[in-house]
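Right, one structure below, let's go through it.
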Amino acid sequence: MLSPRPVDRDGGTVLRAALADLQRAGWPSWFDYRFVETVANVIMFVPLGLFFFILAPQGWRRLGPVVGLALSAGIEFTQLAALPERVASPYDVAANTAGSGVGALFAWIMLRMRGRRRRRSASRDGHHPSGQPPAPSHP
């Protein structure tokens with residue numbers, strides 16, 4: 001990310017050639033270098049959003065995408081200000097922010113599923129989800 005050399009310097013030509021071959025073989029034209037780069041930027045920030053959501057205090061969890069935006073903007077600003085061989089891009093910031101949002105959403109889904117499983121298991125075992133036995137019912 002902060003290497004002075006462009007990340008695609010060594011493999012960019014090979015990747016572009018491979019993508020051109022795929023398009024000649026019938027793959028859609030939108031499956032190009034920019035698409036692959038954008039998907040890579042999204043994927044790169046998914047773990048940030050996921051782990052931030054899981055590890056942050058509950059009231060802060062929704063800030064995962066904001067943290068992704070701030071980190072990505074800082075990276076792009078550093079590239080613009082200090083790394084003349086690199087190209088800073090607002091599209092990268094958008095893709096990275098989307099990735100941290102996807103990661104946070106994935107973590108939210110995982111935690112909800114885990115909570116439901118625990119509640120179902122506890123009710124099957126006759127226990128209250130809090131770990132306390134259920135209150136007796138009075139007729």
### Query
Going from OG1 on T78 to CZ on R86, what distance comes out if it is rounded to the nearest 0.5 angstrom?
11.0 Å

### Message
Is there a side-chain contact between M110 and I54 in this structure, where contact means two heavy atoms from C-beta onward sitting under 4.5 Å apart?
### Response
yes

#### Entry: side chain to side chain contact (heavy atoms under 4.5 Å, CB included) between D32 and R16, intermediate numbers included
CA-CA 8 Å; D32 59 3; R16 284 185 176 86; over 6 Å; no

### Task
Under the side chain to side chain contact (heavy atoms under 4.5 Å, CB included) rule, collect the residues that match up with V66, sequence neighbours excluded.
L63

### Task
Please name the pair of heavy atoms, one in F31 and one in Q23, separated by the smallest distance, quoted to 0.1 Å.
O-NE2, 3.0 Å

### Query
Does one hydrophobic cluster hold both F106 and F51, with members joined at side-chain heavy-atom distances below 4.5 Å?
yes

### Task
Would you please name every residue forming a side chain to side chain contact (heavy atoms under 4.5 Å, CB included) with V87, sequence neighbours left out?
none

#### Entry: Cluster link F53 to M113, ILVMFWY, side chain under 4.5 Å
yes

### Summary
Heavy atoms of A88 and Q79 approach each other most closely as CA-OE1, 4.0 Å

### Task
Establish whether L48 and M44 are linked, either directly or via other cluster members, by ILVMFWY side-chain heavy-atom contacts under 4.5 Å.
yes

### Task
Give the intermediate values and the outcome of side chain to side chain contact (heavy atoms under 4.5 Å, CB included) for residues L19 and W27.
CA-CA 9 Å; L19 291 168; W27 287 53; over 6 Å; no

### Message
Pair L71, F45 - check side chain to side chain contact (heavy atoms under 4.5 Å, CB included), show working.
### Response
CA-CA 10 Å; L71 180 60; F45 270 65; 3.9 Å; yes

### Task
Taking side chain to side chain contact (heavy atoms under 4.5 Å, CB included) as the test, write out the residues that go with L105, two or more places apart.
W108, I109

### Query
Take atom CZ in R62; do more than 12 heavy atoms of anything else shown fall under 6.0 Å from it?
no

### Message
Can you list everything that forms a salt bridge (Lys or Arg N to Asp or Glu O under 4.0 Å) with R24? Sequence neighbours excluded, please.
### Response
D21

### Message
Please enumerate all residues that pass side chain to side chain contact (heavy atoms under 4.5 Å, CB included) together with V93, with sequence neighbours excluded.
### Response
L69, S72, E76, T97

### Query
So if you build clusters from Ile, Leu, Val, Met, Phe, Trp, Tyr with side-chain heavy-atom gaps below 4.5 Å, do L22 and W30 land together?
yes

### Query
How long is the gap from CD1 on I43 to CG on N96, to the nearest 0.5 Å?
11.5 Å

### Summary
Taking every heavy atom of S100 against every heavy atom of G68, the minimum-distance pair comes out as OG-CA, 3.6 Å

### Query
Does L15 reach the side chain of Y33, with side-chain heavy atoms less than 4.5 Å apart?
yes

## Note on the structure
Separation between CZ (F52) and CH2 (W60), nearest 0.5 Å, reads 7.0 Å

#### Entry: Any pair counted as salt bridge (Lys or Arg N to Asp or Glu O under 4.0 Å), so long as it reaches residues 97-113, sequence neighbours left out
none

